[in-house]
Amino acid sequence: MPEGHSVHRIARQFERHFQGVPVAVSSPQGRFAPGAAQLDGHRIVRAMAVGKQMFLEFDHGLWLRVHLGIYGAWDFAGDITAGGTGEASTASIGAPRLTRLRMSEQEQLAPDIQSFPPEPIGAVRVRLLTEAAVADLRGPTACEVQTADEVAASIAKLGPDPLEVDATEGEEQFVAVVGRKPTPIALLLMDQAVLSGIGNVYRAELLFRARLNPFTPGRELADGVVRELWRDWTHLLRIGVETGRMYTMDDEDSGEERPEHWVYKRDGLPCLVCGTNVVMEELGGRKLYWCPVDQA
DNA sequence: CATCGATGTTGAG
DNA sequence: TCAACCTCGATGG
């Protein structure tokens, strides 16, 4: 479920609380026991997010690759901080508070844990445990140990992630690929081999913000329009990573009663710009929302 | 309390 | 094209 911004935030949590210290790796559920044994006791030296995938590098050269899929989630607990760079630690001067934070497409604080480490809840595929913090992974689509070469191969299959690649190179690559595809732009934006990290919410919102017809073939779009899509995705992704929310309306301070999004999940409701009813259609097995007038 | 559907991807057919 | 993966909040009876 999470789109790219969440994965960057999760990687940030690992950098902040798990990097540089020995990590006990286990698989309470059992399904990942062999992989856990390969990593157990080593230190995490790097956490990297590329699109919707996260890669944790350990000090002996092996990596953990995780993709949350549609309902995977990380639960962090212990002496941890929640959220963005500017937020203060929850640890007080005295005993650390035992915060519990669930990170999936949404982030939510759960009631503090009573003892550390807490018992695993449900089917925990992998548990990463340090002296101060614990991370439990549940329901992922992918969770595997990789060599550095395998990591490189995984990343090579992915289109550019604006926060991971050189901005100019990423933009040029995206423009070049879109420019030769007959595929509807709505499908290209969701194609992780073309551009990394966009999911169904950001897809619909980016297309509306650009006032683009979702069915326009990539190669029929002017380069400038495609560049603007890249730049807007970069913009929205940055906001998402900093806030933990999928802000797409650029006016957080306007009325409290405003909808969260321009068109996503607003089929049958009036377009916020022109009043025409937003429509929904299945495309490539996913629901696509757009305004038939503003995005004609 | 049962059922549905989801911000995703893979792989079978 | 569609089921499977196997979680969990929202919805309805």
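All chains are named by letter (A, B, ...) in the order of the sequence lines, taking the proteins before the strands, and each is independently numbered beginning at 1.
- Among B:dA6, B:dG8, C:dT7, the nucleotide with an atom closest to any side-chain atom of A:Arg138 is C:dT7.
- Rounding to whole angstrom units, NE2 of residue A:His5 and P of B:dG8 are separated by 11 Å.
- Residue A:Ala142 is classed as having no contact, given no heavy-atom separation below 4.0 Å to the nucleic acid.
- Each of B:dT7, B:dT9, C:dT7 was ranked by its minimum atom distance to the side chain of A:Gln192; first place goes to B:dT9.
- For the pair A:Met280 CE and B:dT7 P, the computed distance is 10 Å after rounding to whole Å.
- For A:Arg65 and A:Gln53, the side-chain atoms include at least one donor-acceptor pair closer than 3.5 Å.
- When the side-chain nitrogen and oxygen atoms of A:Tyr264 are compared with OP1 and OP2 of B:dT7, one or more of them lie within a distance under 4.0 Å.
- Considering only side-chain N and O atoms, A:Arg102 lies under 4.0 angstrom from the phosphate OP1 or OP2 of C:dC8.
- In this pair, A:Trp262 and A:Phe208 present their aromatic rings parallel. The plane angle is below 30°, not in the 30 to 60° band.
- The CE-P distance, from A:Met246 to B:dT7, rounds to 10 Å in whole Å.
- When rounded to the nearest whole Å, the span between OH of A:Tyr202 and P of B:dG8 equals 11 Å.
- Taking the charged nitrogens against the carboxylate oxygens, A:Glu3 and A:Lys52 have no contact shorter than 4.0 Å, which rules out a salt bridge.
- Nearest nucleotide to the side chain of A:Lys52, out of B:dT7, B:dT9, C:dC5: B:dT9.
- The salt bridge (charged side-chain N to carboxylate O under 4.0 Å, His left out) test with A:Arg127 singles out one residue from A:Asp75, A:Asp136, A:Asp40, and that residue is A:Asp136.
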(message) If a pair means Watson-Crick or G-U wobble with both distances below 3.5 Å, what does DNA chain B look like in dot-bracket form, with | marking bases paired to a different strand?
(response) ||||||.|||||.
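- The aromatic rings of A:Tyr202 and A:His5 lie perpendicular to each other, with more than 60° between the two planes, well past the 30° mark.
- The nearest whole Å value for the distance from the CD1 atom in A:Ile10 to the C1' atom in B:dG8 is 14 Å.
- In this structure, NZ of A:Lys287 is placed 9 Å from C1' of B:dA6, rounded to the nearest angstrom.
- Aromatic pair A:Trp290/A:Phe215: centroids less than 6.0 angstrom apart.
- Geometrically, A:Arg16 does not engage A:Phe14 in a cation-pi contact, judged by NZ or CZ lying under 6.0 Å from the ring centre and within 45° of the ring axis.
- Remark: P of B:dT7 and CD of A:Glu107 are 19 Å apart, rounded to the nearest angstrom.
- Taking atom P in both C:dT11 and B:dT7, the straight-line distance is 15 Å, to the nearest Å.
- As rounded to the nearest Å, B:dG5 and C:dG13 have P atoms that lie 13 Å from one another.
- Applying the 4.0 Å criterion to OP1 and OP2 of B:dG8, one finds that A:Arg286 has a side-chain N or O inside that range.
- Rounded to an integer number of Å, the gap from A:Arg9 CZ to B:dT7 C1' is 15 Å.
- A gap of 16 Å separates the P atoms of C:dC2 and B:dA6, to the nearest Å.
- Once rounded to the nearest 0.5 Å, the distance linking CD of A:Gln108 with CG of A:Leu101 reads 9.0 Å.
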